[in-house]
Amino acid sequence: MPIQQLPGHLINQIAAGEVVERPASVVKELVENSLDAGAGDIHLDILAGGGKLIRVRDDGSGIDKAELALALARHATSKINSLEDLEAVVSLGFRGEALPSIASVARLVLVSRAAGTDSAWQVEADGGEITSPRPAAHPQGTTVEVHDLFYNTPARRRFLRTERTEFGHIEKWLRRLALSRPDVAFTLTHNRRAVLQLPAAGTAEQRLRRIAKICGDALAEQALYLEHETEGIALSGWIGLPTYNRSQPDQQYWFVNGRSINDKTLSHAARHAYRDVLFHGRFPAYVLNLTMDPTAVDANAHPAKHEVRFRDGRRVHGVVSQAIETALGETRPGGHAAAPASIVSHASSGQRSMPLPTSGHAGPAAVREALSGYDVLSGAATALRMDTEPGDIPPLGFALAQLSGVYILAENRDGLIIVDMHAAHERITYEKLKRSFDDKALVRQPLLVPVSVAVAESEADLVEHSTAGLEQIGLVIDRAGPTSLVVREVPALLKGTDVESLLRDLLADLAQSGQSNRVEDVSHNYLATMACHHSIRANRLLSLDEMNALLREMESTERADQCNHGRPTWTAISMAELDRLFQRGQ
């Protein structure tokens with residue numbers, strides 16, 4: 001075939017292949033247009049899973065009569081005007097492809113009334129032909145109706161799944177969009193039956209109620225509110241407590257400057273922040289909004305705008321991971337529950353600090369030295385209880401007894417507290433070990449026999465460009481050839497570890513997210529094992545003073561709600577629950 005110019009309608013259909021994958025893609029594009037128009041109330045009506053009808057109605061700013069037909073023209077937009085605008089996109093849509101692409105594979109009706117005008121106007125598109133505007137009845141805002149999706153592209157229509165499956169994708173996307181904009185009301189119907197009704201949420205309590213409606217009550221009841229800003233990057237939203245975890249990453253929602261996206265850098269940062277508090281193979285849940293300078297984010301990295309590209313992914317990763325990790329540090333008795341300052345100060349007064357190693361390398365011997373002589377079960381609890389004011393009861397209360405040599409029973413203001421003493425002591429010991437070695441200068445251990453590792457040339461290049469950063473975490477690696485690396489020094493704490501496996505895991509992290517916490521993670525795993533071996537064992541009898549000392553240490557230790565493996569360390573049974581159990585007052 002000779003080279004020829006493609007007809008405009010075919011160009012739109014090709015573009016539709018990138019933008020309009022299924023009915024849910026249409027819903028995403030249309031609802032994002034409504035949000036860009038400043039809508040405060042959006043209604044969606046779906047018939048037959050979106051194959052027969054998709055109607056999106058909003059109360060936004062509307063479209064002027066003279067611009068209606070232009071709205072259906074390819075690459076016509078009101079959102080960017082120059083390359084500078086493209087590099088600092090603040091709207092959800094900006095390419096001007098969505099409406100013409102949708103109109104090329106469906107019968108489309110566009111009705112709109114612009115703000116400040118007295119009448120509404122309507123245009124229709126069918127097979128690439130656009131009608132002239134004609135008067136219509138419509139309040140301020142816009143309604144877009146998409147009939148018979150893929151009617152003129154039967155091959156695409158045959159790829160659609162069942163009506164139920166397609167509507168499931170629509171509902172999933174709308175829930176994501178509703179989480180990104182709690183200030184907007186959403187209503188969704190399917191086959192004229194109301195499926196989802198979400199009023200606008202202005203207060204924090206209302207926003208949490210929306211999360212409960214979309215993600216379930218369990219997450220809302222076990223969520224921490226996070227708000228952090230540093231280096232021009234603001235992170236806010238809700239993170240699930242480690243006790244609320246999933247078998248799949250199905251409740252992980254990221255929004256960057258209001259845009260719902262999937263991003264490996266952000267997912268890796270969150271996973272790293274939760275590394276010390278979750279079972280292996282379990283996933284955290286969160287709804288997080290990242291706000292930053294639009295010029296530092298490339299929103300044009302994906303045709304359907306599912307992904308973004310950060311100008312400095314490493315900095316974003318560090319800020320996000322540190323913010324989440326700091327918030328999780330408050331998952332301790334009385335931490336996220338905003339315990340009174342008087343309780344916190346009392347709890348701190350009974351704390352014994354872990355002695356730092358005074359000499360030697362930070363290796364196994366140093367760990368044993370740090371553990372020697374350390375006993376959380378000090379007699380300081382007696383003085384603590386005597387000094388406590390009558391009304392000041394610590395979050396975990398005071399010990400009553402020990403059950404089967406495994407659990408501590410305590411009483412606080414609300415009822416009964418049950419503590420797994422081994423799990424609790426394991427977390428306390430682990431956190432103290434981490435602080436001990438994190439505060440010390442890193443000591444490197446030269447390998448008696450350097451380890452040679454064969455890698456891909458691109459991986460060798462990656463290491464060569466990261467030499468300074470690797471030395472900061474205790475690794476000295478030389479390039480011995482185009483596809484060969486030699487590991488000469490490792491952190492002293494990791495002497496004896498599988499150096500080749502460590503290097504390969506580190507390279508995989510660097511290739512995926514631009515940075516790696518692999519050495520830190522392996523070091524912490526070693527410390528966690530040591531903490532487990534040096535914690536209180538079952539059937540050890542404790543005095544009341546020893547039990548109270550353990551409770552006070554828990555209240556002042558970060559992440560004390562879970563042990564190193566993600567298991568809960570304590571639980572509470574309120575007096576009301578006990579009364580119901582024994583049918584008191586009935």
Donor-acceptor check, side chain of [X] to backbone of [Y], threshold 3.5 angstrom: yes or no?
| X | Y | answer |
| --- | --- | --- |
| S556 | E553 | yes |
| D298 | V308 | no |
| R315 | E231 | yes |
| E330 | L224 | no |
| S267 | K264 | no |
| T569 | A560 | yes |
| S466 | V463 | no |
| D293 | T295 | yes |
| R479 | G481 | yes |
| R332 | E555 | yes |

What's the shortest heavy-atom distance between [X] and [Y], and which atoms?
| X | Y | answer |
| --- | --- | --- |
| L550 | M421 | CD2-CB, 3.9 Å |
| V277 | P242 | O-CB, 3.5 Å |
| R259 | L92 | NH1-O, 2.7 Å |
| L462 | L507 | CD2-O, 4.2 Å |
| R427 | Q562 | NE-O, 2.8 Å |
| F283 | L278 | C-CD1, 4.0 Å |

Charged N to carboxylate O below 4.0 Å: is that the case for R275 and E325?
yes
If you measure from the Lys or Arg side-chain nitrogens to the Asp or Glu carboxylate oxygens, is any gap between K434 and D276 under 4.0 Å?
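Salt bridge flag = yes for D276 with K434.
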I233/E229 under side-chain contact (heavy atoms from CB on, under 4.5 Å): CA gap, chis, key distance, verdict:
CA-CA 6 Å; I233 300 174; E229 183 172 1; over 6 Å; no
Answer yes or no on whether K432 is positioned over the face of Y430, meaning its NZ or CZ is under 6.0 Å from the six-membered ring centre and within 45° of the axis.
no
Under 3.5 Å, is there a donor-acceptor pair linking the side chains of [X] and [Y]?
| X | Y | result |
| --- | --- | --- |
| T326 | Q322 | yes |
| S543 | D545 | no |
| Y274 | N245 | no |
| H317 | T265 | no |

Does the side-chain contact (heavy atoms from CB on, under 4.5 Å) test come out yes or no for Q445 and E489, once each step is laid out?
CA-CA 5 Å; Q445 174 72 49; E489 296 182 23; over 6 Å; no
Just wondering, do [Y] and [X] contact through their side chains at under 4.5 Å, heavy atoms?
| X | Y | value |
| --- | --- | --- |
| L403 | V406 | no |
| L447 | V499 | yes |
| R504 | V453 | yes |
| V476 | V487 | no |
| L288 | I324 | yes |
| V256 | N289 | no |
| F255 | V287 | yes |
| N412 | L396 | no |

Between V89 and V297, does the side-chain contact (heavy atoms from CB on, under 4.5 Å) criterion hold? Intermediate values first, please.
CA-CA 9 Å; V89 173; V297 184; over 6 Å; no
Is it the case that over 12 heavy atoms from other parts of the model lie below 6.0 angstrom from the CZ atom of R311?
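Yes, the 6.0 Å shell around CZ holds more than 12 heavy atoms from other groups.
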For Y244, look at atom OH and say whether over 12 heavy atoms of other residues, nucleotides or ligands are found less than 6.0 Å away.
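It does: Y244 OH has more than 12 such atoms within range.
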Taking atom [atom1] of [X] and atom [atom2] of [Y], what is their separation to the nearest 0.5 Å?
| X | Y | atom1 | atom2 | result |
| --- | --- | --- | --- | --- |
| M292 | F310 | CE | CZ | 6.0 Å |
| I418 | I573 | CD1 | CD1 | 4.0 Å |
| Y225 | E227 | OH | CD | 4.0 Å |
| K172 | D250 | NZ | CG | 8.5 Å |
| D420 | H422 | CG | NE2 | 7.5 Å |
| L177 | K28 | CG | NZ | 7.5 Å |

Contacts of E205 that satisfy side chain to side chain donor-acceptor pair (under 3.5 Å) - sequence neighbours left out:
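Expected list: R209.
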Quick check on side-chain contact (heavy atoms from CB on, under 4.5 Å): which of T243, L328, T331 does D561 satisfy it with?
T331
Residue from S260, S180, C215 passing side-chain contact (heavy atoms from CB on, under 4.5 Å) with Y253:
C215
What verdict does the side-chain contact (heavy atoms from CB on, under 4.5 Å) test give for N262 and W254, after you've listed the backbone C-alpha separation in whole Å, the side-chain angles of each residue and the deciding distance to 0.1 Å?
CA-CA 7 Å; N262 297 311; W254 279 108; over 6 Å; no
